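Worksheet: one structure, shown below.
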Amino acid sequence: MTTDTLPPRPRPNAVTGSYQDLSRQIREAGLLHRTRGFYIALIAALGLALAGLIAGAVLLGDSWFQLLIAGALGIVLTQAAFIAHEASHRQVFDSGPANDRLGRILANGVVGISHSWWMTKHSRHHANPNRIGKDPDIAPDTIVFLPEDAARQNRVMAALTRVQGWAFFPLLTLEGLNLHVTSVRTLWAAERGRQRALELAMLAVRLTVYPALVFWLLPLGMAFAFLGVQLAVFGVYMGASFAPNHKGMAIIPEDSKIDFLSKQVLTSRNISGGGFMSTLMGGLNYQIEHHLFPSMPRPHLGRARRLVRAHCARHDVPYTETTLLRSYAIVVRYLNEVGLSARDPFDCPMVRRFRQV
């Protein structure tokens, strides 16, 4: 069953069939086996791309074409973040410590994001996607995802919330900077320990040496422009890859009882487009399969999709899949509908007119 409409309401007591049966089919098809060759080739390709961009930046020197290098760098860093995400889910290697090492190197050392902070936040999300009070991804922030949170916004923030759907993608230009700041702030406040010290050291090197090299290579104004473009592209690419997955899908009440299959499928949305979209979004286009089987390597998600869709169809569980552009339209509409709750009930032209008299 395929739909691209706004979220269906979850059916807490629905009989949705045996997740164990689906899991057995997945295992028998070999879809949980690691694909190390794929990830080694991908990491090598990204390493070559990064080396090429560094060489290009050095050769270009004092030129505004450097902003093209900056944009490409934002794309490469996002692709590295996708692999760090997959390593955090144990998709790359059989060994947990090996996945952690890879994730920490890519997240902290290359992308500039705390691996431990991301792991903690993302694990909570996977355990309870779109569940009120438990999923950190729908907790109120600059953007709010629940009408009750929109209604509690102060007068200043309410003005933004009312148009937050339209403002969502422009705000993503600041998301890269926000991820860096949040990582440092969270680690700094964390309990002292070896892992905290290691991650802080890696972030310190990543977030100081890279900007220092940019300012050494380029004139002051061009260096700021370079960093601004790179951060903007990185933030928009990251946000545009993660936003279509759950925003505008079913919201689960905090005290609701719902089985694992329904919880993961009803709150997730796939993006059509096959292998090309999987490369573009780092496998996040197969969000339903990823949530049902988080340790499944990216190359197997497409095959798993056929088994999961068939299982959902047999048990009458809505399976949501749409195009990328359609998903963005749904997200914008949903956020604007939530934002309506931030309106002042007395905010109408006639009331404003008499207030001014």
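Side-chain atoms are counted along with the backbone in the values below, which use heavy atoms only and exclude waters and symmetry mates. Fair warning: this is a prediction, and the values are worked out from it, not measured in the lab.
Residues Leu59 and Phe65 are members of separate hydrophobic clusters, defined by side-chain heavy-atom contacts under 4.5 angstrom among Ile, Leu, Val, Met, Phe, Trp and Tyr. Residues Leu48 and Ile69 do not share a hydrophobic cluster, clusters being chains of Ile/Leu/Val/Met/Phe/Trp/Tyr side chains in contact below 4.5 Å. Clustering ILVMFWY residues whenever any of their side-chain heavy atoms sit less than 4.5 angstrom apart, transitively, puts Met202 in a cluster other than the one holding Val184. The hydrophobic cluster containing Leu335 also contains Leu146, counting ILVMFWY residues as joined when their side-chain heavy atoms lie under 4.5 angstrom apart, directly or transitively. Transitive grouping of hydrophobic side chains (ILVMFWY, heavy atoms separated by less than 4.5 Å) brings Leu60 and Ile54 into a common cluster.
Ring pair His126/His290 is perpendicular by interplanar angle, where above 60° counts as perpendicular and below 30° as parallel.
Between the side chains of Ser23 and Arg27, a donor-acceptor pair is found at a separation under 3.5 Å. Glu321 and Tyr286 share no side-chain donor-acceptor pair at under 3.5 Å. Checking His300 against His33 by side-chain atom types alone, no donor-acceptor pair falls below 3.5 Å. Residues Gln91 and Ser295 bring no donor and acceptor atom of their side chains to less than 3.5 Å of each other. If you check the side chains of Glu199 and Ser116, you find a donor sitting under 3.5 Å from an acceptor.
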(request) Please step through side chain to side chain contact (heavy atoms under 4.5 Å, CB included) for the pair Arg124 and Asp135, ending with a clear verdict. (result) CA-CA 6 Å; Arg124 290 171 57 203; Asp135 183 359; over 6 Å; no

(request) Kindly determine whether Glu148 and Arg152 satisfy salt bridge (Lys or Arg N to Asp or Glu O under 4.0 Å), including the steps that lead there. (result) CA-CA 7 Å; Glu148 52 267 37; Arg152 287 193 288 265; over 6 Å; no

(message) Walk me through whether Thr267 and Ile252 qualify under side chain to side chain contact (heavy atoms under 4.5 Å, CB included).
(response) CA-CA 8 Å; Thr267 59; Ile252 301 177; 3.7 Å; yes

(message) With salt bridge (Lys or Arg N to Asp or Glu O under 4.0 Å) as the criterion, how do Arg131 and Asp137 come out once you've worked through the C-alpha distance, each side chain's angles and the decisive distance to 0.1 Å?
(response) CA-CA 10 Å; Arg131 185 185 286 269; Asp137 286 0; over 6 Å; no

(message) Please evaluate residues Val92 and Leu102 with respect to the criterion side chain to side chain contact (heavy atoms under 4.5 Å, CB included), reporting the C-alpha separation (whole Å), side-chain torsions for both, the decisive distance (0.1 Å), and the verdict.
(response) CA-CA 9 Å; Val92 181; Leu102 176 62; 3.8 Å; yes

(request) Go through the steps to decide whether Phe93 and Tyr39 satisfy the test ring-ring contact (aromatic ring centres under 6.0 Å, His included), and finish with yes or no. (result) CA-CA 9 Å; Phe93 301 117; Tyr39 286 107; 8.2 Å; no

(request) For side chain to side chain contact (heavy atoms under 4.5 Å, CB included), just list the numbers for Asn336 and Leu340, CA-CA rounded to whole Å, side-chain angles, deciding distance to a tenth of an Å, and then say yes or no. (result) CA-CA 6 Å; Asn336 279 335; Leu340 292 177; over 6 Å; no

(request) Could you walk me through whether Glu86 and Asn99 pass the side chain to side chain donor-acceptor pair (under 3.5 Å) test, one step at a time? (result) CA-CA 9 Å; Glu86 291 166 286; Asn99 279 297; over 6 Å; no

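For Lys134, there are no salt bridge (charged side-chain N to carboxylate O under 4.0 Å, His left out) partners at least two apart in sequence or on another chain.
Ring centroid separation for the pair Phe215 and Phe224 comes in under the 6.0 Å cut-off. A distance of 6.0 Å or more separates the ring centres of His115 and His122. For Tyr237 and Phe242, the ring centers are positioned 6.0 Å apart or more.
Of all non-hydrogen atoms in Gly71 and Val233, the two that sit nearest each other are O-CG1, 3.4 Å. Nearest heavy-atom pair across Pro297 and Thr35 is CB-OG1, 3.4 Å. Taking every heavy atom of both residues into account, Gln153 and Thr142 meet most closely at NE2-O, 4.5 Å. Pro244 approaches Ser327 most closely through the heavy-atom pair CB-OG, 3.3 Å.
Here the options are Ile113, Ile83, Leu46, the test is side chain to side chain contact (heavy atoms under 4.5 Å, CB included), and the partner is Leu106; only Ile83 passes. Among Asp149, Asp255, Ile251, the one residue that satisfies the side chain to side chain contact (heavy atoms under 4.5 Å, CB included) test with Ile132 is Ile251. Each of His125, Arg269, Gln287 was compared with Asn245 under the side chain to side chain contact (heavy atoms under 4.5 Å, CB included) criterion, and only Gln287 meets it.
With Gln66 contributing its side chain and Met222 its backbone, the two residues share no donor-acceptor pair below 3.5 Å. In this structure, the side chain of Ser262 does not engage the main chain of Ile258 through any donor-acceptor pair within 3.5 Å.
By the neighbour-count criterion of 12 heavy atoms within 6.0 Å, atom CH2 of Trp64 is densely surrounded, having more than that number from other residues, nucleotides or ligands. Heavy-atom neighbours of Arg36 CZ from other residues, nucleotides or ligands within 6.0 Å: at or below the threshold of 12.
A distance of 5.5 Å separates CD1 of Ile143 from CG of Leu160, quoted to the nearest 0.5 Å. Residue Leu200 holds its CG atom at 4.5 Å from CG of Leu187, rounded to the nearest 0.5 Å. Between Leu198 atom CG and Leu203 atom CG the span is 9.5 Å, to the nearest 0.5 Å. The OG1 atom of Thr186 lies 13.0 Å from the CH2 atom of Trp118; values are rounded to the nearest 0.5 Å. A distance of 9.0 Å separates CZ of Arg306 from CG of Leu31, quoted to the nearest 0.5 Å. Considering CD of Gln230 and CG of Leu73, their distance stands at 5.0 Å, rounded to 0.5 Å.
Judged by the 6.0 Å distance and 45° axis criteria, Lys247 is positioned over the aromatic ring of Phe145.
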